[in-house]
Amino acid sequence: MTVEANRETLPALFDVEQFFADPVFAGASISPDGTRIAYLAPRHGRTNVWVRGITEEHEEAVCVTHDDRRGIKTYYWTDDPRWLLYLQDTDGNEDWHLYRVDLDAPGEPAVDLTPMPPGSRVFAAEPAKSYPGSVFAWMNRRPLFVDLFRIDVATGETTPHLERPEPTDTYLIDRDGAAAFYISQADDGTHEFYAVDPETGDKRLLHRLGGPEHPMGVLPTLVTPDGTGLLIGSYQDSDDLRLVRIDRETGAETVVAAVAGHSLCTMGMTPGLPPSLFLSERTGEVIAARFVGDRPRIEVLEPYFAEVHAALSALSDGVLHTVSSDETEQRWVVSFIHDRDPGATWFYDHSTGASRLLFRPYPQLVPDALAPMTPVEFPARDGLPLHAFLTLPVGVAPEKLPLVLLVHGGPWLHDTWGYGPAVQFLANRGYAVLQVNFRGSSGYGKRHITAAVGEFAGKMHDDLIDAAEWAVAQGYADPDRIGIAGGSYGGYAALVGVTVTPDYFAAAVDYVGISDLANFMRTLPPFVRAAMANNWYRYVGDPGDPVQEADILARSPITMVDRIRTPLLVAQGANDVRVVQQESENIVAPLRARGIPVEYLVADDEGHGFENPENQVRLFRAIERHFAEHLGGRRDTGELAQ
């Protein structure tokens with residue numbers, strides 16, 4: 001039974017802008033003194049920062065930033081109620097700078113506190129608790145070294161605080177800003193943890209951890225507020241990642257948080273993603289941790305937060321996403337993960353028990369009209385358990401549907417339960433959407449992640465085919481109408497799909513994807529290449545070694561481009577510093593020379609992924625046309641109900 005035959009039972013098509021416009025409201029947090037709320041909302045056609053009193057409405061808010069080129073996504077309160085900070089890059093080039101806003105004069109232009117030459121960036125910033133009026137910023141003024149600087153917010157004066165002696169090594173500071181621990185990476189990729197003597201700076205080895213099971217580094221790493229311990233993600237003798245405390249004096253290990261059969265989520269160490277650890281605004285202690293599961297699982301670690309968490313959990317049937325509190329931890333602003341009601345944000349006063357809904361980021365989307373996301377599990381052909389998420393279109397029998405295999409990036413990330421605009425857009429167009437956490441994905445244990453070593457274009461690809469075959473065997477998918485799409489590694493996976501298995505997919509989308517693994521590794525920014533021992537070099541190979549380079553090229557779609565006959569859509573940001581434009585050009589040019597159907601979108605004002613809403617809309621209109629033509633899903637011609 002086809003989607004077209006059941007059109008009368010389907011929900012109305014949502015316009016593409018309803019999925020990919022900027023949220024009406026997002027990213028809310030409460031000020032340290034509990035009197036104001038900051039959040040993101042559109043202005044000048046871009047996402048900007050707004051501030052209002054906790055009892056005020058948006059009509060009374062003040063827009064305090066004035067970006068009209070590229071939306072702001074990350075901002076910070078400071079310890080001075082006059083100043084607010086935010087991060088911004090230029091057209092997606094990832095050269096992030098830290099800007100200061102004067103809340104007493106919100107109409108004045110923002111001040112760049114971190115002027116640096118191209119190729120340098122701010123990686124993170126946080127309040128310098130022991131230096132009132134200052135923030136710490138990690139940035140690479142030295143191109144290969146990410147050093148720690150102290151910035152006086154009012155004056156902009158910048159002082160080197162700690163410099164890395166080696167590009168792959170780093171210091172960890174305590175709440176006073178002093179070096180407490182040092183992490184070094186041995187030549188074989190082993191991570192070594194040292195205690196740092198506060199008087200002499202001497203280092204004493206405490207602990208070692210293996211390399212390939214931590215491809216993105218040991219995450220998290222956090223000094224305890226009293227400076228006597230180091231919290232890290234460690235497998236210990238388990239297949240599951242735990243939160244473990246390493247004692248600074250003895251090196252003894254204590255498990256702080258562990259859930260049998262589940263791993264600590266490490267994706268939250270990346271800005272913009274749900275946090276891995278929730279920290280007390282008052283004490284700095286870890287009050288809760290996020291674990292991976294069919295739905296994200298929050299483990300509460302502090303008794304006083306248990307009461308707060310219970311009250312917050314009553315506000316939504318989703319899972320806690322962002323959490324912000326004032327310094328007294330009585331007033332809270334929180335948002336929730338949900339598959340059909342994304343980012344609902346609430347204010348909660350623990351002293352009174354009062355709560356109110358602040359906003360829904362996408363009020364135009366009706367949750368009941370969106371498609372539920374269902375966790376599923378099945379074995380790979382070699383028996384490795386695979387976890388995935390299946391989203392089926394609303395209003396049609398789940399039988400022999402066109403299927404889109406949507407592949408996540410990384411590859412050392414993972415898909416998780418929650419709202420995804422691309423997923424919901426495709427489901428609204430009548431596609432079943434399957435997201436599989438193939439081997440190499442994080443969050444499913446040491447065995448699962450290290451099973452990807454040497455398996456690019458091998459078993460990692462087999463996992464995707466096995467997932468699609470499972471959907472066919474279950475009756476969900478039409479074997480003649482299977483598409484594949486993804487960004488970054490997911491784009492590489494799409495290209496592998498149409499080269500290694502050229503007859504399997506009916507259509508493919510490569511979005512900022514890798515075509516030549518060797519060229520990709522050579523063109524990464526220098527500070528990235530310095531720390532590739534446990535990820536690209538270990539999992540794929542070293543392109544500087546001729547024997548390994550030959551194997552790398554054999555796993556690269558560019559060397560198999562003559563096999564492509566699947567209709568292909570390629571999208572690329574011109575300013576991408578991770579996967580440079582050449583990676584897309586190398587695929588498009590030979591296909592066009594052979595007369596193979598390929599549509600090529602380039603956004604001149606984007607980098608590694610499209611951020612500006614007009615580019616998102618352009619991309620997904622093209623995806624809509626592409627899949628409708630080759631897989632047979634629905635398409636909004638402008639004549640259907642919105």
- In terms of the angle between their ring planes, are W470 and Y476 parallel, tilted or perpendicular, with boundaries placed at 30° and 60°? tilted
- Check the angle between the aromatic planes of W77 and Y75 and answer parallel, tilted or perpendicular using the 30° and 60° thresholds. perpendicular
Considering all heavy atoms of both residues, which atom of [X] and which atom of [Y] are nearest to each other, and what is their separation?
{"X": "Y444", "Y": "G293", "result": "OH-O, 4.4 Å"}
{"X": "L392", "Y": "A432", "result": "CD2-CB, 3.8 Å"}
{"X": "W412", "Y": "G440", "result": "CD1-O, 3.3 Å"}
{"X": "G491", "Y": "D510", "result": "CA-OD1, 3.5 Å"}
{"X": "P385", "Y": "H448", "result": "O-CD2, 3.6 Å"}
{"X": "P393", "Y": "A427", "result": "CB-O, 3.2 Å"}

If only atom types and distance count, is the side chain of [X] paired as donor or acceptor with the main-chain N or O of [Y] below 3.5 Å?
{"X": "R538", "Y": "V453", "result": "no"}
{"X": "D169", "Y": "Q185", "result": "yes"}
{"X": "S324", "Y": "I30", "result": "yes"}
{"X": "R175", "Y": "T283", "result": "yes"}
{"X": "S556", "Y": "L517", "result": "yes"}
{"X": "S335", "Y": "T322", "result": "yes"}
{"X": "S355", "Y": "Y348", "result": "no"}
{"X": "E583", "Y": "D516", "result": "yes"}
{"X": "D147", "Y": "R164", "result": "yes"}
{"X": "Q424", "Y": "L370", "result": "no"}

Is there side-chain contact between [X] and [Y], with at least one heavy-atom pair below 4.5 Å?
{"X": "V407", "Y": "F438", "value": "yes"}
{"X": "Y419", "Y": "D339", "value": "no"}
{"X": "F193", "Y": "V218", "value": "yes"}
{"X": "S29", "Y": "V333", "value": "no"}
{"X": "H207", "Y": "L230", "value": "no"}
{"X": "E611", "Y": "K73", "value": "yes"}
{"X": "P372", "Y": "R340", "value": "yes"}
{"X": "P375", "Y": "H387", "value": "no"}

- Quick check: are there more than 12 heavy atoms from other residues, nucleotides or ligands sitting under 6.0 Å from CG of D188? yes
- Query: With a cut-off of 6.0 Å (strictly less than), are more than 12 heavy atoms of other residues, nucleotides or ligands near CD of E307?
  - Reply: no
Within the 3.5 Å criterion, strictly below it, is a donor on [X] or [Y] matched to an acceptor on the partner's side chain?
{"X": "R245", "Y": "T228", "answer": "yes"}
{"X": "S276", "Y": "T266", "answer": "no"}
{"X": "T345", "Y": "Y39", "answer": "no"}
{"X": "S316", "Y": "H338", "answer": "no"}

Basic-acidic side-chain contact under 4.0 Å: [X], [Y]:
{"X": "D239", "Y": "R447", "answer": "no"}
{"X": "R360", "Y": "D341", "answer": "yes"}
{"X": "R555", "Y": "D551", "answer": "yes"}
{"X": "E94", "Y": "R578", "answer": "yes"}
{"X": "R439", "Y": "D382", "answer": "yes"}
{"X": "D237", "Y": "K446", "answer": "no"}

Measuring from atom [atom1] of [X] to atom [atom2] of [Y], what distance do you get when rounded to the nearest 0.5 angstrom?
{"X": "L413", "Y": "H408", "atom1": "CG", "atom2": "NE2", "value": "6.5 Å"}
{"X": "N140", "Y": "F123", "atom1": "CG", "atom2": "CZ", "value": "4.0 Å"}
{"X": "E302", "Y": "L279", "atom1": "CD", "atom2": "CG", "value": "11.0 Å"}
{"X": "Y182", "Y": "Y194", "atom1": "OH", "atom2": "OH", "value": "8.0 Å"}
{"X": "T416", "Y": "M373", "atom1": "OG1", "atom2": "CE", "value": "8.0 Å"}
{"X": "E285", "Y": "L231", "atom1": "CD", "atom2": "CG", "value": "8.0 Å"}

- Task: Assess R248 against F181: is NZ or CZ under 6.0 Å from the centre of the six-membered ring, and within 45 degrees of the ring's axis?
- Result: yes
- Task: In sequence, state the C-alpha distance, the side-chain angles, and the governing distance for Q474 and L390, and then conclude on side chain to side chain contact (heavy atoms under 4.5 Å, CB included).
- Result: CA-CA 12 Å; Q474 296 296 310; L390 177 67; over 6 Å; no
- Query: Between F610 and F20, is a side chain to side chain contact (heavy atoms under 4.5 Å, CB included) present by the stated rule, with each step listed?
  - Reply: CA-CA 11 Å; F610 295 0; F20 298 104; over 6 Å; no
- Name the one of I173, L172, T170 that satisfies side chain to side chain contact (heavy atoms under 4.5 Å, CB included) with L162? I173
- Note on the structure: Paired with V292, the side chain to side chain contact (heavy atoms under 4.5 Å, CB included) test is passed by just one of H414, H262, R297, namely H414
- Residue set satisfying salt bridge (Lys or Arg N to Asp or Glu O under 4.0 Å) with E329, at least two apart, ordered chain then number -> R282
- Under the salt bridge (Lys or Arg N to Asp or Glu O under 4.0 Å) test, residues paired with D576 that sit two or more places apart: none
- Message: Would L209 and I232 count as a side chain to side chain contact (heavy atoms under 4.5 Å, CB included) here? Give the steps.
- Response: CA-CA 10 Å; L209 277 183; I232 64 171; 3.8 Å; yes
- Task: Please step through ring-ring contact (aromatic ring centres under 6.0 Å, His included) for the pair Y489 and F456, ending with a clear verdict.
- Result: CA-CA 10 Å; Y489 174 86; F456 274 57; 5.4 Å; yes
- Hey, do the aromatic rings of Y235 and H214 have their centres closer than 6.0 Å? yes
- Determine, stepwise, if the pair L320 / S313 fulfils side chain to side chain contact (heavy atoms under 4.5 Å, CB included). CA-CA 7 Å; L320 209 57; S313 298; over 6 Å; no
